[in-house]
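Just below is one structure, and these are the notes that go with it.
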Amino acid sequence: CKKPAERKEGEILLGFSSRDLSAEYTAKLSEAIVEYAKTKPGVKLVMVDAQSDVQKQFSQVENFVAQKVDAIILNPCELEASTPAVDYVKAAKIPLVLVNQVTKSAGDSYIGSNDFEAGRIAMEAIAKKLNGQGGVLMIHGIMGTSAQLQREAGAREVFAKYPGLKLIDQQTASWDRAKAMALTENWIQAHKGKFQAIFAHNDEMAMGALLALERASIKKDVTVIGIDAIAQALTAVKEGRLDATVFQDAVGQGRGSVDAALLLARKQPCPKENLIPFQLVTRENLATFLK
Amino acid sequence: MIHFPAFDRNLRHRVGIVVVLVVIAALLALTTDSFATAANLTNVARQVSINGILAVGVTFVLLTGGVDLSLGSVVALSGVTCALFAHPGEYPLFVPICVGLLTGGLCGLLNGVLVTRGGIAPFIVTLGMMTVARGLALILSGGKPVANMMPALTDLAGDLGPLPIPVLCFATVALLSGIFLGRFRLGRHLYAVGGNEQAARAAGVSVTRVKLLAYGTCGLLTGLAGVVLAARITTGQPNAGQAYELDAIAAVVIGGTSLSGGVGSVIGTILGVLLIGIINNGLDLQGVSSYYQAVIKGVIIVGAVWLDRRQSRS
Amino acid sequence: MIHFPAFDRNLRHRVGIVVVLVVIAALLALTTDSFATAANLTNVARQVSINGILAVGVTFVLLTGGVDLSLGSVVALSGVTCALFAHPGEYPLFVPICVGLLTGGLCGLLNGVLVTRGGIAPFIVTLGMMTVARGLALILSGGKPVANMMPALTDLAGDLGPLPIPVLCFATVALLSGIFLGRFRLGRHLYAVGGNEQAARAAGVSVTRVKLLAYGTCGLLTGLAGVVLAARITTGQPNAGQAYELDAIAAVVIGGTSLSGGVGSVIGTILGVLLIGIINNGLDLQGVSSYYQAVIKGVIIVGAVWLDRRQSRS
Amino acid sequence: MLRACQLTKTFGGLSVLLDVSLDFRPGEVHALMGENGAGKSTLMKLLAGLYRPDGGEIQWRGRSVRFATPHDALTQGIAMVHQELMPIPDLTVAENLMLGMEPVNAWGWVDHAELHRQATTWLRQLGTDLETSRPMRTLSVAQMQVVEIAKALARQADVILMDEPTAALSDHEVSALFKAIATLRQRGVTVVYTTHKMDEVFRLADRISVLRDGHLVATKPAGEFTPASLITQMVGRELAQVFPPVTTTPGEVILTVTQLTREPAYRDISFTLRRGEVLGLAGLMGAGRTEVVSAIYGLQPADAGAIRLLGKPLVLTSPADGLTAGIGMLTEDRKGSGIIPAMSVQHNLTLAALRHYCRGAVVDASAEKAVTRQAAADFAIKSSGPAQAIQQLSGGNQQKVLLARALLAAPEVLILDEPTRGIDIGAKAEIYALIGRLSAQGTAVLLVSSELPEILALTHRILVLRQGELSAELNPRQTNQEEILRHAMPR
Ligand SMILES: Nc1ncnc2c1ncn2[C@@H]1O[C@H](COP(=O)(O)OP(=O)(O)OP(=O)(O)O)[C@@H](O)[C@H]1O
Ligand SMILES: Nc1ncnc2c1ncn2[C@@H]1O[C@H](COP(=O)(O)OP(=O)(O)OP(=O)(O)O)[C@@H](O)[C@H]1O
Ligand SMILES: [Mg+2]
Ligand SMILES: [Mg+2]
């Protein structure tokens with residue numbers, strides 16, 4: 001069979017399809033993967049960007065299979081919809097590592113964390129801060145994406161636990177800071193004084209909510225928590241503006257997935273699952289996350 | 001063999017795009033080992049088929065001088081309705097397929113009715129349909145992907161002999177549409193309406209009927225694309241198809257169809273679809289970073305169209 | 001007071017939209033306590049100002065019969081370039097602002113050159129620019145938001161007296177553009193080129209210059225929108241502005257500007273911007289679930305345009 | 001057979017047709033006459049189903065009918081040749097001609113061979129052998145006009161409404177058309193015919209109806225009219241003299257054209273033009289007259305040759321260059337390169353000379369309005385006001401606006417390409433007088449016209465173009481139509 005020309009004898013070729021490089025967390029994860037792969041001698045990694053399109057990602061996976069790569073690292077777009085891509089790789093008998101997002105079919109190894117957990121941790125923090133009493137607003141990501149669905153589900157579990165916690169209103173801001181800002185401005189008008197916390201499905205939107213609250217000078221009455229621990233969110237936590245965020249270890253996940261892929265490519269045993277837990281970042285434990 | 005004067009003429013007109021396509025393909029074949037393999041070429045064909053079906057559909061609308069921005073949302077909506085009727089053991093295979101097609105067709109017809117009877121600009125009508133269909137897809141699915149589809153349906157994304165079924169769908173759709181537009185009276189009337197609506201009306205062509213046909217066909221094919229996509233990703237995904245309309249319309253316009261209507265051909269659309277498909281595939285094969293991919297893709301498309309138009313002017 | 005016959009006429013022509021606007025506003029004032037408050041109305045004004053600046057800019061392009069799909073990406077790119085020069089203590093305030101404006105203006109001019117000199121369809125040119133500018137924004141920012149902006153710049157999203165500065169920007173831009181299009185010779189030429197390019201040329205109008213002006217102005221205003229957005233969200237966000245072009249073009253077309261060019265007015269555009277803004281605000285205030293928001297928004301927009309066109313026909 | 005009963009049509013509160021009752025008999029040629037804006041086209045469009053009447057009814061073979069669309073009228077056997085050209089630019093001549101009647105084969109496919117065969121047959125009947133596979137956009141205005149006529153003939157309708165079919169045609173095609181009309185008449189077909197060319201009416205019409213301001217003022221057999229009485233009926237007053245005598249003598253040479261060439265349209269064109277001179281350019285359809293004068297205006301630059309204005313060589317790449325140099329032009333294609341349809345009469349009028357009505361870069365609205373009012377009076381432009389969209393004006397009135405536009409720029413050299421196309425006899429007389437006045441003021445006029453009487457009466461000198469080459473220079477006082485045609489006919 002034909003091997004790509006740029007491949008030297010004995011070199012290992014890895015294919016990596018990233019969910020969306022224009023999203024900050026995924027970009028960080030992908031960078032970690034690329035950088036870590038560079039430190040491994042005899043390894044070549046090709047990265048492609050699915051731009052959040054399931055069908056496009058499926059095509060990229062097909063391209064990898066056609067190229068006969070030694071292993072594939074997949075950062076799936078979706079829980080359900082990305083399953084056929086996983087099945088396709090398995091049928092082609094190429095080792096597959098899933099990172100940051102599971103699918104219905106399991107790969108040979110999964111590195112990552114569970115979005116359900118992230119939602120739960122963030123909401124728990126809010127509940128604790130409000131002593132289980134108060135009004136909460138929730139800003140969703142793009143509706144129907146698995147991150148949105150699972151983060152919501154995690155948060156809902158907490159609502160069930162604390163009957164004093166009321167979900168006053170919820171709306172999507174499509175992961176977008178400007179949209180979250182406008183939404184929060186509108187909510188400040190509609191629900192003035194009735195809410196004590198805002199939970200945003202990611203930090204971008206949390207930053208938008210934060211800016212709107214600050215502009216209306218009512219931030220001190222409202223707790224804001226996001227997810228992802230992007231750089232700006234960490235700074236905001238440090239400055240005492242943002243109450244908390246949920247840390248996802250992009251570098252840990254990235255390195256773990258490359259290691260797993262190499263093990264599988266060399267036909268060595270590899271753990272089926274490597275869960276890197278989410279951690280709540282507050283002002284108290286911030287130092288460990290600011291490197 | 002049957003003689004297709006329109007086919008030959010259109011191919012000759014699009015010589016610029018053909019040249020760009022061939023050059024890019026040759027470059028890719030030379031610089032990568034994987035491009036010119038059967039497996040990869042089948043991949044390219046499979047990958048372009050959904051955009052191809054959409055592009056052929058929207059060719060009808062663009063020829064009449066209209067536009068359809070609702071493609072992506074209607075793909076999602078049809079995928080969802082199809083998947084809702086596709087749980088194993090509930091209905092026979094043709095039910096979800098028909099439901100998906102009908103959903104698309106009805107959305108298209110509604111677009112057509114609003115454009116013709118309502119006298120509203122196609123841009124506004126289909127922009128409205130774009131948000132409405134997306135909302136309906138989310139409502140019907142409860143915001144969650146509709147999974148658990150019957151294997152018979154998801155098999156439709158598989159192969160029939162050496163050829164993937166989606167590719168066969170695209171080929172059939174393109175062939176029939178090409179014949180319809182090139183050879184049938186109603187097809188020619190589509191060009192007439194797009195070229196000069198007043199003149200077509202004065203010559204006794206029923207402009208309303210022609211436009212309804214165009215939007216309806218476009219909707220039906222969008223429904224087909226929705227079903228094929230659902231089969232391929234084994235779910236009805238309410239947020240699928242984002243910005244698919246742009247890729248489809250881009251393919252059509254690259255292929256020489258005028259946005260003001262009256263000029264264009266299915267063969268041009270196919271070339272446009274292939275160009276976009278090969279650029280996407282090639283850039284991924286070359287491992288170009290996705291940020292640079294965007295830049296390169298934009299430059300190649302504009303460059304190809306520039307070459308093509310210069311070619312056909314001289 | 002200066003007399004603006006064009007202004008009055010345009011307002012009279014858009015009576016349908018005015019009625020819809022008033023009805024919606026009245027409904028909201030009656031059903032919610034919070035709508036008709038000064039604070040909320042300031043909010044609406046603030047929220048529409050970015051879309052408003054973009055819409056006024058793209059009105060120039062649409063009047064010539066062109067289109068600009070690159071608005072959203074260029075907003076992101078200008079925001080990023082502006083933010084790159086906006087770190088505290090590096091440059092004085094005017095540098096990042098000028099860099100942002102220039103970025104937008106250059107993108108617009110390039111669009112214009114490709115359309116006029118290259119003879120490529122505006123749809124393709126600006127679609128290319130859309131991907132290229134997005135790619136550049138990602139490359140320049142390394143894919144991460146460019147944070148750490150000088151307070152002087154982010155203050156530009158604040159208030160000047162009772163009025164938010166973005167609103168003042170929008171109002172100034174709209175006023176100047178309205179005067180330019182309604183009263184200046186070059187403004188008249190813009191309408192002529194859009195109404196019948198050949199005839200405009202035959203009457204001695206320099207079509208190339210007019211189009212360059214239109215695309216350039218649109219680009220410059222897009223750059224302004226990018227700077228205002230960056231100030232508002234305190235970062236240069238490479239993935240900001242997704243689909244902003246659709247909202248902007250929708251506002252313009254709702255306001256009665258024809259996509260085929262030659263007809264339209266800034267006052268119509270303002271009405272379109274306000275309609276979209278009030279719908280968004282109202283649906284949020286009413287707490288309508290986001291699935292239904294999409295459906296309702298689509299229906300209202302199509303309905304408003306239908307009413308308006310019926311009105312102005314009779 | 002076809003009867004209009006008390007037809008009324010209003011546009012935006014303005015009645016353009018009031019209580020018009022007329023009947024059309026089988027086998028007659030019925031001429032509809034009237035000034036620009038009298039309502040002739042509106043009446044025809046009502047009969048052809050393009051407009052619906054606001055009052056009254058249409059009777060067809062004794063029954064009252066309502067045509068919702070042109071399609072309804074066509075199926076009943078009523079076809080129309082429209083005053084405005086309606087090309088579908090990117091379809092072929094044959095496809096345009098046979099639109100809606102395409103022959104199909106057993107499979108339901110369009111039979112292209114048959115399509116072209118039929119199209120060729122119809123065109124031959126009109127004396128042209130235009131290639132039917134050419135795209136419509138490559139045709140000249142006259143050629144498009146022929147296709148429009150053939151399109152109506154091909155319907156084989158019982159009533160054919162012809163709205164100024166010969167406005168853009170030269171004599172050769174006109175006589176072919178008349179032959180075709182004679183055959184139609186023998187077959188019992190009704191032809192309703194509108195024209196502003198007086199001679200045609202008396203050659204063709206069996207009966208003449210005159211419309212004035214939307215009212216029917218007379219219907220009589222043609223024999224009962226004389227040209228003078230017809231004009232009086234139309235205009236409402238007597239017209240002393242149509243052609244003013246040429247009294248001026250040309251001055252110094254202002255424009256020199258040497259060896260102008262643009263293959264394949266024309267080659268080796270050289271001539272001079274003097275101040276105050278009216279130079280006629282005659283030729284058959286497609287002889288290249290339009291293309292030559294377009295080059296002098298910068299609309300379609302020539303490939304080779306030189307143009308000098310007052311001895312200074314001109315580089316003309318666009319009409320803007322022509323205008324700045326002091327050359328003005330009225331183009332032949334009213335719809336294509338003339339009007340800006342959605343713009344108001346006022347804005348259309350001042351477009352080319354706008355800089356004269358500006359303070360700095362700002363348009364001076366009051367000056368603009370004043371000049372519009374003046375022009376509307378000078379040219380008797382009939383509109384509901386300067387703010388009316390020009391597309392709502394009658395064809396002749398649109399033409400007057402364009403003529404006024406060309407004059408407002410006050411050019412030293414004025415090119416008029418078919419200036420009186422579709423203009424009524426009264427206004428024509430005024431335009432002729434105007435040309436005389438311009439020439440007296442020293443403006444050099446280059447007049448392209450297919451109406452030979454016009455050229456003969458108005459000019460100082462006539463150039464004849466044959467297939468892109470100058471074939472003769474004639475003195476209008478010492479020549480006649482036959483001689484011009486002899487030089488114009490292809491060898
Ligand atoms: N769509 C319209 N809207 C408003 N007014 C109109 C419209 N169409 C025609 N008119 C008006 O109706 C009147 C009659 O127009 P019509 O075209 O019937 O004249 P006509 O007799 O054919 O003149 P011409 O000899 O110049 O062709 C004109 O004054 C014109 O301005
Ligand atoms: N039979 C023909 N076949 C091909 N091209 C033709 C034919 N007749 C004319 N043309 C082209 O059509 C165009 C008509 O030329 P132009 O408009 O300058 O003619 P004209 O003398 O003004 O006549 P008119 O305006 O009455 O048609 C020219 O480009 C000429 O080359
Ligand atoms: Mg008329
Ligand atoms: Mg001519």
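Residue numbers start from 1 in every chain, and the chains themselves are labelled A, B, ... in the order their sequence lines are given, proteins ahead of strands.
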inquiry  = Can you confirm whether R209(C) is buried at CZ, in the sense that more than 12 heavy atoms of other residues, nucleotides or ligands lie under 6.0 Å from that atom?
reply    = no

request  = Report the option among N348(D), L323(D), L351(D) that has the most heavy-atom pairs separated by less than 4.5 Å from atoms of chain C.
outcome  = L351(D)

ask   = Hey, mind stepping through E332(D) and R289(D) against side-chain contact (heavy atoms from CB on, under 4.5 Å) and telling me if it holds?
value = CA-CA 11 Å; E332(D) 161 189 55; R289(D) 295 163 298 172; 5.7 Å; no

task = Determine yes or no for a side-chain-to-main-chain donor-acceptor pair under 3.5 angstrom, with N96(D) supplying the side chain and I88(D) the backbone.
result = yes

note = If one checks every heavy atom of Y297(D) against chain C at 4.5 Å, the contacting part turns out to be side chain

ask   = Which answer fits T324(D), side chain, backbone, both or neither, if we ask what part of it has an atom under 4.5 Å from a heavy atom of chain C?
value = neither

Donor-acceptor contact present, side-chain E148(D) to main-chain M86(D), <3.5 Å = yes

Chain C contacts, top residue of A361(D), G360(D), G322(D) (heavy-atom pairs, under 4.5 Å) = A361(D)

inquiry  = Taking T10(D)'s backbone N and O only, do any of them form a donor-acceptor pair with D54(D)'s side chain (distance below 3.5 Å, no angle check)?
reply    = yes

Closest heavy-atom pair and its distance - L221(C), I53(C) = O-CG2, 3.4 Å

query = Taking non-hydrogen atoms and a cut-off under 4.5 angstrom, which of residues 337-346 of chain D neighbour chain C?
reply = S337(D), G338(D), I339(D), I340(D), P341(D), A342(D), M343(D)

key: Donor-acceptor contact below 3.5 Å, side chain N397(D) vs main chain I381(D)   = no

key: Option that, when pairs with chain C are counted at under 4.5 Å, heavy atom only, ranks first among C358(D), G336(D), S318(D)   = G336(D)

ask   = Among R185(C), R201(C), H189(C), Q198(C), who wins on heavy-atom pairs under 4.5 Å with chain D?
value = R185(C)

query = Are F170(C) and V228(C) close enough, and set up right, to give a side-chain contact (heavy atoms from CB on, under 4.5 Å), and what steps lead you there?
reply = CA-CA 10 Å; F170(C) 172 34; V228(C) 172; over 6 Å; no

remark   = Ranking G187(C), A203(C), S206(C), G262(C) by heavy-atom pairs under 4.5 Å to chain D gives rank one to A203(C)

inquiry  = Between G194(C), A192(C), A200(C), who has the most heavy-atom pairs with chain D when the cutoff is under 4.5 Å?
reply    = A192(C)

message = Would you say that more than 12 heavy atoms from the other residues, nucleotides or ligands in this model lie under 6.0 Å from the NZ of K335(D), or not?
response = yes

Pair Q399(D), R421(D): side-chain N/O donor-acceptor within cut-off below 3.5 Å = no

query = Does any heavy atom of chain D fall under 4.5 Å from the side chain of V207(C), the backbone, both, or neither of them?
reply = neither

message = Is Q391(D) close to chain C through its backbone or its side chain, or both, or neither, when contacts mean heavy atoms under 4.5 Å?
response = neither

Chain C contact via R355(D) - which portion, at a heavy-atom distance below 4.5 Å = both

request  = Answer with yes or no whether the side chains of T290(D) and D417(D) bring together a donor and an acceptor at under 3.5 Å.
outcome  = yes

